[in-house]
Amino acid sequence: MARDAVLRVADLQTHFFTFGGARVVRAVDGVSFTLHAGETLGLVGESGSGKTTTCLSIVGLLPRAGRIVGGSVLFEGADLTRKSQRELRRIRGRRIAVILQDPMASLNPLFTIFRQVAEPAFFHQHLRGRSLRERVQSLLRAVRIPSPEWRMREYPHQMSGGMRQRIVGAIALAGGPRLVIADEPTTNLDVTIQAQYLDLLKDIQRETGVALIFVTHNLGIVAKMCDRVAVMYAGKLVEQAPVRELFDAPKHPYTRALLGSMPKLGSKEPLYSIRGHPPNLASLPSGCSFHPRCPDVMPRCMTEEPRDFRPGDGSVARCWLLDDVLTRS
Amino acid sequence: MSQFIIRRILYSVVTLFILSATIFLIVRLTGDPVALMAEASARPEDLERIRHQWGLDRSWPVQYATFMQNALTGELGKSFNYRLPVSELYFQRLPNSLTLGLAATLISLLIGIPAGIISAVKVNTAWDNVAKGVALLGLSIPGFWLGLVLILVFSVWLRWLPTSGSGDWRHVVMPALALGWYFAASMLRLTRSSMLEVLGSEYIKLARLKGLPDFVVIAMHAFKNALIPVFTLAGVNMVVMVNAAVIIEVIFAWPGIGRLLYEGIFQRDFPLVQGVVIMAGFMIIGINLFVDVLYAFIDPRIRLSR
Amino acid sequence: MKRPRFEASGLFTLLAAALILGAVASAAIPFASPAGAAAKGKLVLAWHAGFASRWLDPQEHDGTATPDNFFTAIHDALIKNQGTALYDYPALAEHFSVAADAKSATFTLRKGVKFHNGDPVTPQDVKFSYENYRGAKADVFKKKTERVEIVDDRTIRFVFKEPFLDFAILFGTANVAGPGWVVPEKYYKQVGADGFKQKPIGAGPYKLARHEPGVRVEMEAFDGYYRPVNVKQLVMISVPEAATRVAMLERGEADIVYNVPGELITKVGKLPGVTLAPVLSGSFFIEFPGFQDPKNPFHDKRVREAVSLAVDRRAMNQAETAGMGKPTGNWINNDVQYAIEWPEYPRNVEKAKQLLREAGYPNGFDVDWVTPLPTFYSRGERLIAQLREVGIRGRLQTMERGIYFQRLQGGLKEFPGTQIILHGVRIAGSWSFWYEGHFKCGGFNSRDRICVKDLDGKFDQYERSINPAERKKLAEEIQRGILDNYYLVPVFRHAFVNAIGPRVVLQKWQDVFPTITTGYAYPWEDIKVKD
């Protein structure tokens with residue numbers, strides 16, 4: 001690797017313990033990936049596949065019932081899973097920032113824009129007074145909010161959805177992060193605004209060199225935004241590849257199904273949907289979790305969990321099909 | 001904003017009118033006050049004389065018209081029993097009731113809100129269960145029982161506090177506690193549920209994701225949002241406490257408005273009952289207006305909307 | 001421009017304002033004496049109900065046995081009920097006489113008697129007080145009085161149109177009427193009737209120091225009073241809750257406490273230094289509305305007698321007043337003119353049942369309602385239980401006090417069917433006042449419920465008579481007629497149980513409650529407290 005990895009997630013496992021531990025939901029079950037500065041990783045999958053839990057695990061902000069039970073998250077060399085909440089708080093908002101899905105809900109309705117954008121800079125970098133004001137204004141300018149001096153005195157409800165999401169972006173940038181995790185940031189926006197927002201993110205990344213994890217279920221956005229893509233299913237990373245390779249030659253049947261289910265402009269074919277339904281994470285099928293729904297299922301898949309296979313073009317896929325095609329990797 | 005206020009004031013005036021008519025009717029439906037003013041061996045002539053003296057022999061519409069006419073000039077009639085203008089009696093007792101009401105409100109806020117916040121932040125832990133138990137006690141223990149027990153323990157056994165009546169701060173403690181206890185419980189529950197709701201919201205999540213210290217997240221971000229409904233309730237509660245804390249005032253012989261109203265009802269002191277109810281209504285409406293305006297200041301969504 | 005950190009400042013300002021307001025308000029309330037440490041020469045009375053300002057003005061006496069507790073402290077009368085004197089204790093008048101034909105009464109004022117403002121009490125004030133009187137029985141006085149003569153600077157004569165035998169009783173009994181209580185004419189006219197009730201001035205042993213309407217009255221000894229006043233400060237506080245009154249007594253915050261309820265009597269009696277004062281009050285008796293109707297089971301005298309035999313007066317007395325009342329024979333309390341003594345009625349359940357069988361009710365019968373005087377519902381319940389033993393079955397009817405009196409005034413239609421009323425009344429002044437309103441046919445409270453013609457006839461005779469001996473005879477005959485025939489069945493004489501704290505000087509409780517016509521502790525000037 002030419003550049004140092006900003007984030008190195010290795011075999012991360014996060015489980016949820018409910019009913020006093022009687023029920024265990026394996027929300028994240030052995031996820032590994034690496035991310036470099038300036039890189040954008042797309043995290044794709046259905047709802048419930050573990051995308052959001054992975055993100056929350058990285059910053060250590062899981063709900064009460066959740067716990068990281070295995071693996072490591074190396075950020076700038078230090079393992080976040082070993083850090084206390086106190087230490088993590090110093091990293092959150094400063095070195096790692098998060099953008100959430102619903103911009104209206106993300107902003108506190110009672111506080112001004114200034115207050116909310118200034119907070120990370122205030123707490124983490126201890127900026128005050130004039131320098132704080134200027135920082136906020138430059139942040140707002142960076143996310144292309146016009147007339148920031150008087151905009152920052154306004155309240156969230158006085159702004160449009162697109163502007164609000166940009167404010168959330170400004171909040172994310174306020175601490176000067178090295179990693180930004182964006183959890184479906186455009187899902188609630190109009191399509192036209194989406195495009196603008198994505199362009200903004202790309203520009204900011206180019207300027208600041210920040211690493212970006214982009215969680216989405218929209219493959220179109222993936223194609224536009226991401227350098228690499230990781231596909232999650234039932235808490236596992238089933239395929240990881242550079243974006244071109246993923247779209248041109250998907251390896252895992254699930255990935256292929258996802259791509260196949262994308263509506264094509266001008267096509268009059270009926271929409272393809274994956275048969276079956278998403279698994280119950282508390283009681284996963286044996287062997288490969290996808291096997292009940294897999295069009296290419298083999299007897300082996302039902303009993304043995306597949307391991308990672310590297311076909312050589314930079315992609316990784318967890319499927320027994322690859323074992324037949326290749327010799328030992 | 002001013003349009004908002006003007007509209008609210010207009011509604012308030014209409015409400016007051018309706019209130020006055022209602023209480024006027026109801027009070028007269030309870031029966032003849034004259035029989036109570038001179039009982040046992042009174043003769044019909046005595047009663048007639050008294051009735052005429054107080055204008056009770058005129059028809060109801062006439063009585064109402066006279067009453068409203070006077071009310072508009074601030075004169076709410078004269079109490080049968082005390083021979084003082086009702087407004088004078090009311091304002092004489094108002095400071096006492098205000099003191100008690102404020103003290104009880106303070107107690108309910110000081111106990112209810114922190115307990116509710118702790119309960120919400122530490123939901124489903126031992127703290128939460130303790131707080132829920134306290135709330136249950138508060139809502140179930142009747143005020144008069146608590147009042148009497150307080151007198152027994154702190155006044156008779158321990159001799160720390162005086163039994164009853166008004167005076168200095170030591171006289172206020174027990175009645176305020178007995179009165180505020182119930183409302184503390186309802187504050188606790190409301191704060192708890194409101195906090196829980198707020199704590200589960202996205203902006204709190206984002207605040208945490210910003211790496212803000214827990215204290216800031218709770219005290220700044222969550223607190224203000226969660227307290228909006230709580231303060232509405234506090235406002236209404238306070239008015240109730242000021243005007244209708246009858247049981248506590250009777251037990252502690254507290255010279256307040258609740259007792260005035262209660263005795264007025266039993267004595268069929270029409271003008272007094274009417275006057276107190278209208279003043280109380282006035283106060284409720286005033287407080288509601290005040291709280292609404294307060295919201296407009298706290299919540300920019302209201303303030304800045306057309 | 002950065003907003004201040006504590007945006008919740010608005011809330012905190014509100015809280016701070018509330019705190020300050022509360023502190024100011026409580027500081028503005030005048031200081032009461034420190035708890036438990038009553039000052040020297042002070043007596044505190046805890047009154048058991050609310051109190052109306054008009055009770056400080058004898059001119060608008062409402063005819064009940066309530067205002068006298070208050071106005072006897074501030075005002076004084078020519079003659080009044082004090083100690084064992086029923087009405088003729090000479091107070092402001094050092095001497096009075098009623099003419100032999102009862103057509104006039106003459107009073108001579110004591111020398112040097114003054115009002116609290118220093119003005120002398122003059123016959124003019126007496127005349128004004130009498131003529132301006134608007135309270136209970138005012139019509140009687142007005143109807144019967146021809147004129148009031150000021151004979152000289154100390155003598156007044158009341159001249160009547162016809163013999164007015166009850167004049168002195170009506171005039172001198174504080175719990176009946178108030179024209180004999182002298183108010184200062186000039187001052188009364190100056191402040192008006194309403195102003196007078198806020199700041200009364202009288203000729204009594206105490207002058208008003210502070211008046212919080214409905215809450216407390218504070219009074220100071222009047223050093224111009226013609227009798228020595230022992231306690232310097234007299235305070236009367238309204239404390240409606242019984243438990244609180246008892247707590248005040250225990251704590252030393254009150255020296256005299258009225259109306260200790262049944263269940264607390266024994267406990268209070270055991271408190272160190274506390275003396276119970278079980279003042280005998282009015283009687284509770286049973287009335288049978290509409291018994292003149294032949295269809296009514298109570299029409300038969302035997303049935304009424306059975307009721308009397310069924311009532312367990314002693315048990316009732318024990319349960320309701322810890323035995324401090326008196327199972328009585330007469331329903332008229334013995335401190336009233338012409339009241340006769342009557343032996344206690346026996347209890348005999350067997351005989352009662354036998355009488356019922358004879359009357360044709362071998363299995364008893366049902367009574368629609370048993371209505372006790374509010375709020376003495378427990379007595380009604382006990383009565384029902386006692387009657388059930390002989391087979392008379394009834395249900396308790398409760399109602400608010402005002403409604404009760406309203407229904408009494410409504411007559412028989414308010415008590416349809418077979419009913420029993422457990423009435424209670426303290427008869428004041430003369431028994432005839434009671435008979436006229438509560439027994440006589442057409443009486444204001446009795447209406448058509450009773451109507452015993454021959455007794456009413458005797459009563460008319462009584463009213464017309466101007467011969468005291470004849471009146472006495474008639475009065476006694478009427479009472480005997482009622483009691484022999486069980487038109488009314490007396491149950492027991494209620495005890496108004498008060499409690500006296502350790503600071504009050506006494507050998508026995510009657511030292512503090514010497515006046516037999518009342519349950520209150522006047523004359524106030526005679527009470528002593530320890531140093």
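Looking at heavy atoms from C-beta onward, A/Arg64 lies in side-chain contact with B/Val123 at the 4.5 angstrom threshold.
Heavy atoms of other residues, nucleotides or ligands lying less than 6.0 angstrom from CD of B/Glu197 number 12 at most. No more than 12 heavy atoms of other residues, nucleotides or ligands shown are found within 6.0 angstrom of CZ on B/Arg189. Within 6.0 Å of the OH atom in A/Tyr197, the count of heavy atoms belonging to other residues, nucleotides or ligands exceeds 12. In this structure, A/Arg67 places its CZ atom where only 12 or fewer heavy-atom neighbours from other residues, nucleotides or ligands lie under 6.0 Å away. Atom CD1 of A/Ile58 sits in a crowded spot, with more than 12 heavy atoms from other residues, nucleotides or ligands closer than 6.0 Å. More than 12 heavy atoms of other residues, nucleotides or ligands lie within 6.0 Å of CZ in A/Phe17, so this atom counts as buried by the packing criterion.
Interface check for chain B: of the options A/Arg89, A/His124, A/Gln85, the most heavy-atom pairs under 4.5 Å are formed by A/Arg89. Put simply, of A/Ala105, A/Pro63, A/Gly60, the one with the most heavy-atom pairs under 4.5 Å next to chain B is A/Ala105.
Scanning both residues, A/Leu100 and B/Glu202, for their nearest heavy atoms gives CD1-OE1, 3.8 Å. The two residues A/Ser106 and B/Leu206 make their nearest non-hydrogen contact at O-CD2, 3.5 Å.
Across A/Asp102, A/Leu110, A/Asn108, a single residue satisfies side-chain contact (heavy atoms from CB on, under 4.5 Å) together with B/Tyr203, and that is A/Asn108.
Within the 4.5 angstrom heavy-atom criterion, no atom of A/Glu154 approaches chain B. For chain A, no part of B/Asn124 is nearby; none of its heavy atoms comes within less than 4.5 Å. Residue A/Val98 touches chain B through both its backbone and its side chain, counting heavy-atom pairs closer than 4.5 Å. No part of B/Ile204 comes within reach of chain A, as not one of its non-hydrogen atoms sits under 4.5 angstrom from that chain.
Between the side chain of B/Lys224 and the backbone N or O of A/Phe111 there is no donor-acceptor pair closer than 3.5 Å.
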Do B/Val216 and A/Glu119 pass the side-chain contact (heavy atoms from CB on, under 4.5 Å) test, and can you show the C-alpha distance, the side-chain angles, and the key distance before you say yes or no?
-> CA-CA 10 Å; B/Val216 175; A/Glu119 265 178 331; 4.2 Å; yes
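Going from atom CZ of A/Arg115 over to atom CE of B/Met220 covers 6.5 Å, rounded to the nearest 0.5 Å.
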